[in-house]
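Atoms within a ligand are numbered from 1 in the order they appear, just like the ligands themselves. For the numbers below, each heavy atom of this structure counts, side chains included, while hydrogens, waters and symmetry mates do not.
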Amino acid sequence: MDSLLSRCSASFFPSPLNRNDYNQIKAKSRFSLPSSSVNFGYYYSSGCRLCSSSSSGGLKIDCSTSPTMSSSASPETTKPKVVTGPGGYVLQDVPHLSDYIPDLPVYTNPLQDNPAYSVVKQYFVHVDDTVPQKIVVHKDSPRGVHFRRAGPRQKVYFHSDDVHACIVTCGGLCPGLNTVIREIVCGLYHMYGVKKVLGIDGGYRGFYAKNTVHLDPKVVNDIHKRGGTILGTSRGGHDTSKIVDSIQDRGINQVYIIGGDGTQRGASVIFEEVRRRGLKVSVVGIPKTIDNDVPVIDKSFGFDTAVEEAQRAINAAHVEAESFENGIGLVKLMGRYSGFIAMYATLASRDVDCCLIPESPFYLEGPGGLFEYIERRLKENGHMVLVIAEGAGQELLAESTSQKDASGNKLLQDVALWVSQRIKDHFSKDRKMTINLKYIDPTYMIRAIPSNASDNVYCTLLAQSAVHGAMAGYTGYTSGLVNGRQTYIPFYRITETQNHVVITDRMWARLLSSTNQPSFLHPKDIIEDKFDEEPACPLLDNGNCAPN
Ligand SMILES: Nc1ncnc2c1ncn2[C@@H]1O[C@H](COP(=O)(O)OP(=O)(O)OP(=O)(O)O)[C@@H](O)[C@H]1O
Ligand SMILES: O=P(O)(O)OC[C@H]1O[C@](O)(CO)[C@@H](O)[C@@H]1O
Ligand SMILES: [Mg+2]
């Protein structure tokens, strides 16, 4: 530890570049140097702050995974900051401004004089508090991966008067966006006395192509009662350089970025560019995804609201189906690559006879196929309800398209429309049976509503945690709930993979036993799979993926 400490303190930290220096270097080097090899004159020493703070806890920095980066070698991305400890303890830590900016002034957290908080014993989070990613363990299991616990710190790295924050929302709509915006603004104002908060209009491109809006508690007072985002959103238009230029030009030093997997990837490259320029700017992600496809976190905000609202469509489908002879109600729900909304809406409803999701391939004809099952249910019950996630069965559709949206996401075919037609054709032409099929697509109606009470509380905690982290000088993280605790998760853990329903795990088994639908898998395949390898991402009891 001593040698580590001396290596840390020996690090050389010249002042960060200002915008003019940076532009001059960039202009000079345009034809001779790739931007990644420009000497930016700062020395990134990841983890050094931690090695002194945690020396008493027997922790050590794994310097092989968090090496220093000299000014002559600018890697594309920051190396993960990993701290290991006894019993197989691993902290996947988040970057801190002091990792690359020397001698930052530190201030007492203004919350300690705030009457609402000063009476709360242990209100401040201990600097060494971490949250385990895996909570189901065996006697001899290693302690495993942990994340930094979110919350207010005793010391902050920004003076409230100096903070100039901005908020941007990107990607598709999701219930709760306005609540998160509101709570970031109110958190900054009321907890930290920050008065300068800007809204970026219309997603990432708004940084450089649109005007900004001033945000204060009055402006955002009622917005949580509305769906959508008051800031507007967009896909595509992520120009890292222009975005960071705009951040620098406006003197913004806290950037709150609300969005899904694509947005978090965008936030990660903004953080890298900010760090490369040596700017004192905290870049913070808040995960928004109605599909619940962001990994690591327990669930995303808006997901509960979406599942609840989906019940209305499923109820309508059920009422229609049971009112007609051989009635079939078919509901399409969102879920491009992950069938969480469909799975949870099905489990919640109990009226659904079959749920089709992208993770579980299905087939129509022959023994064990969908047609056979529908016919059986109609004979047993006289009606049935099908729920289908938008990304399910895409491989079955004849004309697959290579079209993409502005963010590069593949545009999907309407699988529910296709399945409806195939069901109609099969029963009327091949089986000579009269069926009554009603197809309901409530997807945009679900996405556009305001968040429910529980999501509103969740959004509030997420937003406040994001603010506490930025004020404490952390950066390059996503604020997220892990095992019921607010944490700071490094961007790379959020962007490296997607959250999927694991069909060889318990939650999907619960669904199959609730609907009695076929699994569309041969039992032999499943057994072989189980013996071949453990599922890459086992599902926890709360329905989320746990790391191995
Ligand atoms: N790899 C990437 N690097 C930089 N920016 C990205 C990247 N991927 C996506 N983005 C940007 O992030 C924004 C949102 O991405 P996208 O449209 O995929 O939505 P999302 O955040 O995944 O939300 P959702 O899919 O849940 O609606 C877009 O402006 C897009 O340009
Ligand atoms: O029509 P848009 O705005 O591209 O959004 C559709 C996509 O957005 C999502 O809801 C994710 O936000 C997906 O489920 C869906 O495919
Ligand atoms: Mg996405």
Side-chain angles (χ1 to χ4, degrees), residues 76-77 168-177 180 200-210 227-229 231-244 255-274 283 285-295 297 299-303 305-307 309-310 332-343 345 357-358 388-392 394 401 403-416 441-449 478 491-492 494-501:
E76 282 293 298
T77 53
V168 63
T169 51
C170 312
L173 293 183
C174 178
L177 280 165
V180 175
I200 305 296
D201 189 0
Y204 277 132
R205 64 165 59 92
F207 272 105
Y208 55 87
K210 294 208 176 183
T229 156
L231 298 177
T233 183
S234 63
R235 298 192 190 273
H238 182 106
D239 185 323
T240 314
S241 205
K242 283 193 195 167
I243 291 169
V244 180
V255 185
Y256 296 92
I257 301 173
I258 313 169
D261 55 338
T263 306
Q264 301 301 315
R265 277 192 284 278
S268 174
V269 293
I270 290 173
F271 158 69
E272 293 297 342
E273 180 61 15
V274 159
V283 182
I286 293 123
K288 169 244 51 146
T289 151
I290 200 167
D291 294 352
N292 202 34
D293 54 4
V294 170
I297 59 173
K299 68 176 172 189
S300 45
F301 72 80
F303 178 71
T305 307
V307 169
E309 187 65 8
K332 182 171 80 169
L333 296 176
M334 279 186 166
R336 215 181 243 144
Y337 306 112
S338 309
F340 286 104
I341 299 180
M343 177 169 78
I357 59 171
I388 185 160
E390 63 176 323
Q394 288 293 315
T401 161
Q403 281 182 315
K404 297 192 168 163
D405 69 17
S407 294
N409 301 305
K410 201 172 166 221
L411 287 177
L412 302 181
Q413 305 274 332
D414 190 339
V415 65
D441 178 354
T443 51
Y444 290 110
M445 296 186 73
I446 290 174
R447 208 171 71 163
I449 63 169
T478 298
F491 278 145
Y492 69 90
I494 295 292
T495 57
E496 69 190 356
T497 177
Q498 262 187 334
N499 197 20
H500 292 294
V501 173

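Taking 4.0 Å as the cut-off, G236 counts as a neighbour of ligand 1 on heavy-atom distance. Remark: distances from the non-hydrogen atoms of R205 to ligand 1 are all 4.0 Å or more. Using a 4.0 angstrom heavy-atom cutoff, N409 counts as in contact with ligand 1. Residue contacts with ligand 1 leave out Q264, since none of its heavy atoms falls under 4.0 Å from the ligand.
Atoms of ligand 2 found under 4.0 Å from any heavy atom of Y444 (numbered from 1 in listed order, with element): 1 (O), 2 (P). The G260 neighbourhood of ligand 1 comprises atoms 20 (P), 21 (O), 22 (O), 23 (O), with distances under 4.0 Å to a heavy atom of that residue. Counting atoms of ligand 2 from 1 in the listed order, those under 4.0 Å from a heavy atom of E390 are 13 (C), 14 (O), 15 (C), 16 (O). In the vicinity of G335, heavy-atom distances shorter than 4.0 Å reach the ligand 2 atoms 14 (O).
Looking at ligand 2, you'll find an N or O of D291 within less than 3.5 Å of one of its N or O atoms. Where the criterion is an N or O separation shorter than 3.5 Å, residue side chain and backbone included, K288 meets it with respect to ligand 1. When only interatomic distances are considered, the shortest N/O to N/O separation between I290 and ligand 1 does not fall below 3.5 Å. Considering both main-chain and side-chain atoms, V269 never comes within under 3.5 Å of ligand 1 through any nitrogen or oxygen pair.
Nearest N/O/S atom of D261 relative to the Mg ion (ligand 3): this is OD1.
A side-chain hydrogen bond (donor to acceptor under 3.5 Å, both in side chains) with T289 is found for exactly one of N292, D291, D293, namely D293.
Between the CE atom in M334 and the CZ atom in F303 there is a gap of 14.0 Å [rounded to 0.5 Å].
Of all the listed residues (I270, I243, T263), T263 holds the heavy atom that lies closest to atom 14 (C) of ligand 1.
Side-chain contact check for Q264 and T478: at least one donor-acceptor pair (N or O, by modelled atom type) lies under 3.5 Å.
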